[in-house]
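Have a look at the structure below, then the notes.
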Amino acid sequence: MSNSTEFDWPAAIHRVFKQQGVRQVAYVPDAGHRRLIELCRADDEMRAVPLTTEEEGMGVLAGAWLGGERGALLMQSSGVGNCINAIASLTRACQFPLFMLVTMRGEWGEGNPWQIPMGRAVQPVLETLGLRVTSVAQADDVESTVSAMLGMTYTTDSANAVLLSQRLLGAKAFQ
Amino acid sequence: MTATPTLERRAVVDALLDERGDLLVVTGLGGTTWDVAASGDDPRNFYLWGGMGTAVSVGLGLALAQPRHRVLVITGDGEMLMGVGSLATVAAQAPGNLAIAVIDNERYGETGGQLTHTAFASDLAAMARGAGITHSATLTTLAEVRAFRAHFTRVAGPHFAVIKVASANAGMVLPPRDGVLIKHRFKAALAAGQRS
């Protein structure tokens, strides 16, 4: 986790969310999102919406858009598998904007073999659904990438995902 | 189980939408989309033709974004069961302007009338209460439906009602099926309402 002490990238993401007017932050927790979730929960200008499963996030963000608010959706890579039909048959069918921030498992130093198949599937599955997918592995790339992809999401009504690599987050230790 | 329900689903939805005022409506795919269309197409209806299990979540995001509007989700028992965790998500946010009405015919009406779990042992009103939505009830008469409508218009929620209806299919009444059109006209109607 050395990168997080060198550069506070979760604070940078939170700053981008504020600059770009994100009001609803829906999430299923992941260790990699812990600090960002805390920052959003503590922010009176944002509504943090914990979900029981990631597909609820497609509904919440669609409803937020209908009501005139911007949202962002945080999840772990395993959660991508939980929301495929909602992405396809709600978000994509209606061309709702979607910004997903996905903390990765199943790559770069993974120690749990059960995480490997979904981790490998994340990018091709999302691309098959028509999302643009950008992966970030360096702390000093996080802010510019999130800013560009989030901005594009709401200026073009497109669906986009930023994957935060375990190279950035640090691989989970099993010992 | 209780007596066989006799309420006709279209009469129930008509009662829910009677003199709707500024009510915003989200429907669940299938029967409740046809029911709401049959009651009269309105740009302030967001009809789901897909996304099974997400109707309540759409209503939640909308209710949070528009706290001065009442939001009513009208969905079916099968759709509600698929997204039942969203009731806990609603309870955690506790939006006072959100009401959820489940038109419960105990069937998957679009796929051949197979029994849903509410035909066996499951009580969706109890599940909503357990999720943390304290205003939760099962309704079996039109008078109760009208009282529910009056109650959620007057009293802060969230509100949840299961309305037991007869199992007969009511036939398809199709609203526009282009999600992009439904989305944009909804937002335009909302904006127009806020200007007036």
Side-chain angles (χ1 to χ4, degrees), chain A residues 21-29 37 40-41 44-75 79 82-99 129-130 154 156-159, chain B residues 24-26 28-29 43-69 71 73 75 79 82-95 97-98 131 176-191 194:
Chain A
V22 169
R23 300 298 300 272
Q24 295 192 32
V25 180
Y27 63 91
V28 174
I37 290 168
C40 294
R41 290 198 67 86
D44 290 341
E45 293 177 354
M46 290 182 190
R47 172 73 75 147
V49 183
L51 311 169
T52 69
T53 181
E54 291 81 357
E55 68 176 329
E56 291 172 14
M58 302 310 147
V60 169
L61 264 55
W65 186 93
L66 289 171
E69 287 193 346
R70 293 182 172 192
L73 177 57
L74 320 181
M75 69 179 72
N82 292 347
C83 53
I84 300 305
N85 181 60
I87 295 174
S89 78
L90 175 63
T91 307
R92 299 296 294 152
C94 299
Q95 296 174 28
F96 279 112
L98 170 65
F99 178 75
L129 292 167
Y154 284 101
T156 66
D157 281 359
S158 58
Chain B
L24 306 177
V25 174
V26 177
L29 83 173
R44 296 165 302 171
N45 298 339
F46 187 74
Y47 305 102
L48 289 181
W49 282 73
M52 185 165 178
T54 63
V56 165
S57 299
V58 173
L60 173 61
L62 176 59
L64 293 176
Q66 288 289 332
R68 286 196 291 275
H69 277 267
V71 176
V73 176
T75 189
E79 206 276 347
M82 189 172 282
V84 78
S86 60
L87 296 176
T89 299
V90 165
Q93 299 299 319
N97 58 332
L98 179 63
R177 67 185 79 189
D178 178 348
V180 181
L181 169 70
I182 297 167
K183 171 185 86 164
H184 282 303
R185 71 176 198 157
F186 183 98
K187 199 164 186 173
L190 192 52
Q194 283 165 345

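Note that this is a predicted model, so its numbers are computed, not measured. These numbers come from the heavy atoms of this one structure, side chains and all, not from hydrogens, waters or symmetry mates. To find a chain, count down the sequence lines: A is the first, B the second, and so on, and within it residues start at 1.
Using a 4.5 Å cut-off between heavy atoms, A:Gln24 contacts chain B through its side chain alone, with no backbone atom that close. Contacts between A:Ala88 and chain B at a heavy-atom distance below 4.5 Å are absent for every atom of the residue. For chain A, the nearby part of B:Leu60 is the side chain; its heavy atoms alone come within less than 4.5 Å. Contact of B:Ile182 with chain A is not made at all, since no heavy-atom distance falls under 4.5 Å.
Per-residue counts of heavy-atom pairs under 4.5 Å with chain B were compared for A:Thr52, A:Leu66, A:Val60, A:Leu90; the largest is that of A:Leu66. When each of B:Thr54, B:Val180, B:Val58 is scored by its heavy-atom pairs under 4.5 Å with chain A, the top score falls to B:Val58.
For the salt bridge (charged side-chain N to carboxylate O under 4.0 Å, His left out) test, no residue two or more places apart in sequence or in another chain qualifies with A:Arg47. Remark: B:Thr75 pairs with B:Glu79 by the side-chain hydrogen bond (donor to acceptor under 3.5 Å, both in side chains) rule, at least two apart or across chains.
With contacts defined as side-chain heavy-atom distances shorter than 4.5 Å, the pair A:Ser89/A:Met58 does not qualify. Put simply, the side chain of A:Cys83 does not reach to within 4.5 Å of the side chain of A:Glu56, judged on heavy atoms.
Judged by distance alone, the side chains of A:Gln95 and A:Asp157 never bring a donor and an acceptor atom under 3.5 Å apart.
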